Amino acid sequence: MPNAVKTIRAFNADRDPERLAMKYANLRSSPFVFLRGTCHLFHDRLPSGALFAKAPLAWLCGDAHLENFGSYKGDNRLVYFDLNDCDEAALAPVTWELVRFLTSVLVAGDGPSRGAGESAALCRVFLDAYAGALALGKARWVERDTATGLVRELLDTLKARTRPAFLDRRTERKGRRRLIRCDGRHALPASDAQRERVVKLVDRFAASQPDPGFFEVLDVARRIAGTGSLGVERYIVLVEGKGSPDANYLLDLKQALPSSLAPHLKKTAQPAWESEAHRVVALQRRMQAVSMAFLHPIVTRKRSYVLRGLQPSEDRVRLDVHRARPADIRAVLSDMGQLMAWAQLRSAGRQGSAIADALVDFGASVKSWRGDLLDAAQQCAAQVAQDWAAYCEAYDAGAMVTRPARSARPPSAPR
């Protein structure tokens, strides 16, 4: 069995078998999905050298790729487009973040470009926008009033999405009550033990809030979402909100695990976080201009979880070369480059990260490192293709079969 396959199996060994089987099937679908779902393997394979050793340290989301930028409603009720997943966040050289994003552009064969030459050109667009924003030294943000092109189109479409309609898609109404729709696509039933655990977690959090009744749990289901995190303990939680049935809210509760970057950062001191959830929440708040609603860590004796709102305003820009003009795709890549730079500037000089002046200097010196970084991304893309081919062979041979999951009992009746 190839080393890459052994690494993937070991990394996912303790996950929920039912959703892990979905993850393994997804990884088989394309090199890009494989890259998204194997962040740990990517960092195991990351090249070493002066380019990576001498780059300034910054707070990174740790898992930068084309689909880790998206829309969401902030806690100020405005909708933003930004980096939106900090599960892997850590203090590391900025080049780690850049090369992972560039690799995602190069391996996204059915994504924003028609070939290798176009992908390389998009990488240069991204790097130039990133370096230019860094060199200016001022962190900004993208919301509806400041967005253009495909991002503006996305944010404009969100105005028509309402919470009641979103609830109707994700839940089933039974009179004036709702239950989460366990359709096998977005959700699976939770066992009584899982429901009980979630209710205790949310009740503990609610007790610290001004309106505990808002968080009264009505139903719980296991959530199906993402690629890398499939199989991690994760739930959709239906709560009372502002009143049943149409003012209920859906929340996402997800176990926080150590960053995949951590094993490779032994020489880079990380803060002593109270928990992994505190790390994720603190760094997401630090890097985003405005954080999403309900973002909060919840801690038990053995585990920690990230709580956040589940929103109709969450979406991504569709970078489909067959539907979007090349100029529009370049504009989105430019936006993403700027957003990455702004996140690093916003969190500069905090707990070991380089001060803004060092990041400004790095951005201004782009000509000295751009070529080497593009070469490193090409090397990483070739490694991803090789690892994916080995994975496909193992998957087709039945090496990724998971043990059958015990059937979850239907959730208890809503309170």
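Only a predicted model underlies this, so the values are computations on that prediction, with no experimental measurement involved.
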### Query
Between V217 and V220, is a side chain to side chain contact (heavy atoms under 4.5 Å, CB included) present by the stated rule, with each step listed?
CA-CA 8 Å; V217 176; V220 177; 3.7 Å; yes
### Query
Donor-acceptor pair, R176 side chain versus S244 backbone, under 3.5 Å?
yes
### S347 backbone acceptor or donor facing S353 side chain under 3.5 Å
yes
### Query
Would you say K73 and L78 make side-chain contact, with heavy atoms under 4.5 Å?
no
### Message
Quick one: does any side-chain atom of T227 pair with a main-chain N or O of G37 as donor and acceptor, under 3.5 Å?
### Response
no
### Query
Counting distance only, does the side-chain N/O of S30 pair as donor-acceptor with the main-chain N or O of V33 below 3.5 Å?
yes
### Message
With a 3.5 Å distance limit and no angle check, can you tell me whether K23 reaches the backbone of G231 through a side-chain donor-acceptor pair?
### Response
no
### Message
Do F32 and E67 make a side-chain contact, defined as non-hydrogen atoms from C-beta onward lying under 4.5 Å apart?
### Response
yes
### Message
Please find the pair of heavy atoms, one from S275 and one from V299, that lie closest to each other, and give the distance.
### Response
OG-CG2, 3.5 Å
### Query
Between F101 and F69, how do the two ring planes meet: parallel, tilted or perpendicular, split at 30° and 60°?
perpendicular
### Message
Are M340 and E97 packed together at the side-chain level, in the sense that at least one heavy-atom pair is separated by less than 4.5 angstrom?
### Response
yes
### Query
Step by step, would you call L66 with L333 a side chain to side chain contact (heavy atoms under 4.5 Å, CB included)?
CA-CA 9 Å; L66 283 165; L333 269 289; 4.1 Å; yes
#### Entry: Heavy-atom pair with the smallest gap, counting every atom of L158 and P312
CD2-O, 4.3 Å
### Message
When you measure from the side chain of Q270 to the backbone of L91, do you find a donor-acceptor pair of N or O atoms at a distance under 3.5 Å?
### Response
yes
### Query
So, do Y72 and R308 sit near enough that their side-chain heavy atoms are less than 4.5 Å apart?
no
### Message
Has R144 got a side-chain atom pairing as donor or acceptor with L155's backbone, closer than 3.5 angstrom?
### Response
yes
### Message
Rounded to the nearest 0.5 Å, what separates atom NE2 in H40 from atom OG in S259?
### Response
12.0 Å
### Message
Show, in sequence, the C-alpha distance, side-chain angles and deciding distance for R170 and D183, and conclude whether the salt bridge (charged side-chain N to carboxylate O under 4.0 Å, His left out) test is met.
### Response
CA-CA 9 Å; R170 294 297 187 91; D183 56 4; over 6 Å; no
### Query
So, R279 and E274, do they make that salt bridge, N to O below 4.0 Å?
no
### Message
Could you measure the distance from the CD1 atom of I180 to the CZ atom of R222? Nearest 0.5 Å is fine.
### Response
12.0 Å
### Query
Is R173 atom CZ crowded by more than 12 heavy atoms from other residues, nucleotides or ligands, each under 6.0 Å away?
yes
### Task
Validate the cation-pi geometry between R350 and W59: distance from NZ or CZ to the six-membered ring centre under 6.0 Å, angle to the ring axis within 45°.
no
### Message
Any heavy-atom pair between the side chains of F215 and L251 that's under 4.5 Å?
### Response
yes
### Message
Side chains of Q344 and Y130 only: does a donor on one sit below 3.5 Å from an acceptor on the other?
### Response
yes
### Query
Do you know which two heavy atoms are closest between L265 and A92, and how far apart they sit?
CD2-CB, 3.8 Å
#### Entry: Verdict with supporting geometry, F294 and F214, ring-ring contact (aromatic ring centres under 6.0 Å, His included)
CA-CA 12 Å; F294 303 114; F214 183 99; 5.5 Å; yes
### Summary
Interatomic distance, CZ@R177 vs CG@N248, rounded to 0.5 Å, equals 9.5 Å
### Message
With a sphere of 6.0 Å drawn around CG of D14, does it hold more than 12 non-hydrogen atoms of other residues, nucleotides or ligands?
### Response
no
### Query
Is there a donor-acceptor contact under 3.5 Å from the side chain of S334 to the main chain of R330?
no
### Query
Under a 4.0 Å N-O cut-off, is there an ion pair linking R163 with D246?
no
### Query
Under a 4.0 Å N-O cut-off, is there an ion pair linking R178 with D168?
yes
### Salt bridge flag under 4.0 Å for residues R197 and E233
yes
#### Entry: Heavy-atom side-chain proximity of L102 to L374 below 4.5 angstrom
yes
### Message
So which atom in C86 and which in M287 form the shortest heavy-atom distance, rounded to 0.1 Å?
### Response
SG-SD, 4.4 Å
### Task
May I ask you to decide whether R19 forms a salt bridge with D16, counting only side-chain N to carboxylate O separations under 4.0 Å?
yes
### Task
Verify whether one side chain among W141 and E143 offers a donor that lies under 3.5 Å from an acceptor in the other.
yes
### Message
Could you tell me if the side chain of R100 sits less than 4.5 Å from the side chain of D63, heavy atoms only?
### Response
yes
### Query
Any side-chain donor-acceptor pair under 3.5 Å between S291 and R285?
no
### Task
Apply the test ring-ring contact (aromatic ring centres under 6.0 Å, His included) to residues F34 and Y391: give CA-CA distance (whole Å), side-chain angles for both, the deciding distance (0.1 Å), then the verdict.
CA-CA 9 Å; F34 180 82; Y391 176 84; 5.6 Å; yes
### Task
Indicate the atoms forming the closest heavy-atom contact of A354 with L359, along with that distance.
O-CD1, 4.3 Å
### Message
I'd like to know if the side chain of D328 and the backbone of A324 have a donor-acceptor N/O pair within less than 3.5 Å.
### Response
no
### Task
Considering only NZ, NE, NH1 and NH2 on the basic side and carboxylate oxygens on the acidic side, decide whether R152 and D156 come within less than 4.0 Å.
yes
### Message
Any non-hydrogen side-chain atom of V306 less than 4.5 Å from a side-chain atom of V281?
### Response
yes
### Message
Check this for me, if you would: do R195 and D192 make a salt bridge, where the nitrogen-to-carboxylate-oxygen distance has to be below 4.0 angstrom?
### Response
no
### CD-CG distance between Q338 and L134, expressed to the nearest 0.5 angstrom
11.5 Å
### Task
Quick one: pull up NZ in K174 and CG in D219 and give me the separation to the nearest 0.5 Å.
10.5 Å
### Message
By the salt bridge (charged side-chain N to carboxylate O under 4.0 Å, His left out) test, which pairs, at least two apart or in different chains, include something from residues 247-273?
### Response
D87-K254, R223-D252, R234-D252
### Query
In Å and rounded to the nearest 0.5 Å, what is the CG to CZ distance from L150 to R323?
12.5 Å
### Query
Do you see a donor-acceptor pair shorter than 3.5 Å between the side chains of T157 and E153?
no
### Message
Students often mix this up, so state it plainly: with edges at 30° and 60°, are the rings of W369 and F362 parallel, tilted or perpendicular?
### Response
parallel
### Task
Look only at the side chain of S104 and the backbone of H65, and say whether a donor-acceptor pair between them is shorter than 3.5 Å.
no
### Query
Going by the ring pair (Phe, Tyr, Trp, His ring centres under 6.0 Å) test, which pairs reach into residues 324-361, not counting sequence neighbours?
none
### Query
Of all heavy-atom pairs between D387 and A4, which one has the smallest distance, and what is that distance?
OD1-CB, 3.7 Å
### Query
Can you check side chain to side chain contact (heavy atoms under 4.5 Å, CB included) on T7 and D44, steps first, answer last?
CA-CA 10 Å; T7 299; D44 288 349; 3.7 Å; yes
### Query
So, R286 versus Q351: side-chain donor-acceptor pair below 3.5 Å or not?
yes
### Task
Would you check, one step at a time, whether the test side-chain hydrogen bond (donor to acceptor under 3.5 Å, both in side chains) holds for E88 with S260?
CA-CA 6 Å; E88 309 288 357; S260 294; 3.1 Å; yes
